[in-house]
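This is the structure, below, for whatever I ask next.
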Number of protein chains: 2
Amino acid sequence: MHTDASRPVIQAASTPRRLGSPAMQGPLALMGTPFQYARNAEIYGEGDEAEYLYQVVSGTVRTYKVLEDGRRQIGGFYLPGDIFGFEAGETHSSSAEAVNGAQVLIVKRSAVMLRAEREKDLSQQLWDATTRELQHFRNHMLLLIKTAEERVAGFLLDIARRTASTNSIELAMSRQDIADYLGLTIETVSRTFTQLEQSGAITLATSRRIELRNRAALNRLNA
Amino acid sequence: MHTDASRPVIQAASTPRRLGSPAMQGPLALMGTPFQYARNAEIYGEGDEAEYLYQVVSGTVRTYKVLEDGRRQIGGFYLPGDIFGFEAGETHSSSAEAVNGAQVLIVKRSAVMLRAEREKDLSQQLWDATTRELQHFRNHMLLLIKTAEERVAGFLLDIARRTASTNSIELAMSRQDIADYLGLTIETVSRTFTQLEQSGAITLATSRRIELRNRAALNRLNA
DNA sequence: CGGACCCTAAGGAATGTTACGGAGGGCTGG
DNA sequence: CCAGCCCTCCGTAACATTCCTTAGGGTCCG
């Protein structure tokens with residue numbers, strides 16, 4: 001049950017680097033300032049003031065909450081184009097980190113909101129992003145009551161869909177990240193990957209590169 | 001793992017009854033039409049067109065998703081004042097039912113959105129409601145990785161907080177509902193209740209009425 | 001009296017825990 | 001440049017535990 005607290009400690013990564021030109025599309029494209037975050041660098045922490053909104057330009061970002069004893073639940077992985085950082089109050093209710101090196105567009109929440117009052121389109125896009133996030137959480141919660149095999153299958157299909165890849169997936173995140181996203185341990189994730197490979201559903205080219213061999217079987221598990 | 005499909009079938013409840021005066025406060029107060037739903041009556045189903053927004057006036061509402069084999073995950077319980085029915089696309093990604101008899105304010109989504117364009121305050125309230133919902137889901141997901149005891153403690157504290165009650169809780173929902181909300185079985189929920197009672201944390205006046213005897217202990221479990 | 005709801009107990013299955021070994025990449029000193 | 005080392009990440013196996021499954025009986029209320 002416990003994903004225990006002896007998880008390898010992540011040392012402070014280098015400070016984010018401000019970049020030149022905001023070459024990204026999407027609602028925040030023309031407003032934001034691009035920043036570069038190193039692998040495992042914190043973008044914001046739980047309890048920090050929620051002053052900005054964020055959009056991934058390149059790389060992957062994870063948001064998560066932790067319990068006192070170190071158990072961690074990853075809320076989501078954000079890929080290029082995704083917006084994150086929406087909050088109810090004035091502070092962040094979860095933390096965000098770069099999974100690997102990631103470029104992120106940052107823009108003041110107040111500026112976005114102000115502008116959204118006049119630009120109906122921007123307002124609409126923000127609303128859509130927020131409700132999509134809601135939908136993601138609803139699905140994610142459903143995932144958490146499934147069996148280990150179903151969760152892993154669902155995870156792989158979700159990543160495949162979002163990267164619009166063919167049948168080949170490059171995982172940006174570690175087994176520990178996947179485990180904490182799916183509410184499993186790394187051992188169970190490992191076991192399940194090999195299980196899926198033995199049943200012919202996937203092939204593990206390397207530990208991070210996965211080929212979907214039998215989407216029908218995966219979809220069946222995803223139910 | 002399987003909360004199996006032999007769950008007692010809920011027979012079609014009586015059709016919702018349209019009521020007289022909209023005597024409710026909140027963002028939707030002046031716009032909505034109040035409807036009365038019988039116990040277990042469906043308010044909307046997964047896949048239905050998402051044409052309306054809803055606000056609970058009295059009673060309790062549950063939203064949920066189901067898997068083919070009958071496993072069900074309850075996303076949330078909505079109490080008087082709470083708004084539900086936010087969706088990303090044009091259809092509902094979950095279902096909603098009245099737990100017991102419930103009075104619900106219903107208002108056309110398009111009407112709300114149109115009006116929100118002009119009324120900054122309404123727009124703000126909708127945004128707050130949505131992001132609060134996001135926050136709820138983040139916490140709920142964290143709950144789903146905890147032990148049975150921790151989940152039940154967290155559930156009780158959440159209900160207690162939201163009903164602003166003293167230390168006495170009246171549960172509107174059945175053990176099956178609680179189990180499906182917490183990702184447990186009814187047996188485990190039962191066992192955990194008795195466990196908490198034996199440890200002196202709570203008292204079960206009746207099976208639906210619970211007294212919190214030791215909030216500190218519950219908070220410790222909630223971590 | 002029947003049905004819905006709840007509780008308890010015993011056994012089993014899925015998952016977590018603990019332990020260990022190996023592969024790969026980066027760093028350091030030669 | 002290379003050897004050696006360390007550190008992180010990943011996989012496997014045996015064991016432990018939690019929670020689920022199955023079964024049965026009790027209570028409340030219409």
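The shown structure was predicted, so the numbers you read here are calculated from the model rather than taken from an experiment. What you see below is based on every heavy atom in this structure, not just the backbone, and it leaves out hydrogens, waters and symmetry mates. Labels below follow one simple rule: chain letters A, B, ... track the order of the sequence lines, proteins then strands, and each chain is numbered from 1.
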For nucleotides 6-8 of chain C, list the nitrogen or oxygen atoms of the protein found under 3.5 Å from its nitrogen or oxygen atoms, one pair per line.
from	atom 1	to	atom 2	distance (Å)
C:dC6	OP1	B:R208	NE	2.9
C:dC6	OP2	B:R175	N	2.9
C:dC7	OP1	B:R175	NH2	3.2
C:dC7	OP2	B:R175	NE	2.9
C:dC7	OP2	B:S190	OG	2.6
C:dT8	OP2	B:T194	OG1	3.3

| request: Using whole Å, report how far CG of A:L184 lies from P of D:dT18. | output: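 Atom-to-atom, A:L184 to D:dT18, this comes out as 18 Å.
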For residues 194-207 of chain B, the side chain to side chain donor-acceptor pair (under 3.5 Å) pairs (sequence neighbours left out) are B:T203-B:R213
All ring-ring contact (aromatic ring centres under 6.0 Å, His included) counterparts of A:Y181, not counting sequence neighbours: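 With neighbours one apart ignored, the set is A:F77, A:H140, A:F155.
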Practice problem: Report the residues that fulfil salt bridge (charged side-chain N to carboxylate O under 4.0 Å, His left out) with B:E46, sequence neighbours left out, ordered by chain and then residue number. | Solution: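 If we apply the salt bridge (charged side-chain N to carboxylate O under 4.0 Å, His left out) test to B:E46, skipping adjacent residues, the hits are B:K65.
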From CG of A:L182 across to P of C:dA14 the rounded distance in Å is 18 Å
(Q) Run the salt bridge (charged side-chain N to carboxylate O under 4.0 Å, His left out) test against A:R109 and tell me which residues pass, sequence neighbours left out. (A)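 For A:R109 the salt bridge (charged side-chain N to carboxylate O under 4.0 Å, His left out) partners, ignoring immediate neighbours, are A:E90.
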Rounded to whole Å, the CZ-P distance (A:R71 to D:dT18) equals 12 Å
Atom CD1 of A:I145 and atom P of C:dA14 are separated, to the nearest Å, by 17 Å
Those residues at least two apart in sequence (or on a different chain) that pass salt bridge (charged side-chain N to carboxylate O under 4.0 Å, His left out) with A:E170 are A:R209
Distance in angstrom units between B:E149 CD and D:dT18 P, rounded
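Rounded to whole Å, this separation is 11 Å.
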Here the distance between atom C1' of C:dT15 and atom CG of A:L144, to the nearest Å, is 14 Å
(request) For A:Y64 and A:E97, test the side chains for any donor-to-acceptor distance below 3.5 angstrom and give the result as yes or no. (result)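 Yes, a side-chain donor-acceptor pair sits under 3.5 Å.
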- Item | Length of the line joining A:Q195:CD and C:dA13:C1', which is rounded to integer Å |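 Atom CD in A:Q195 sits about 13 Å away from atom C1' in C:dA13.
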message: Strictly below 4.0 Å: does A:R39 bring a side-chain N or O up to OP1 or OP2 of D:dC9?
response: yes
Report task. For A:D177 and D:dT8, give me the distance from atom CG to atom P, rounded to whole Å. Result ->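 After rounding, the gap between these two atoms is 15 Å.
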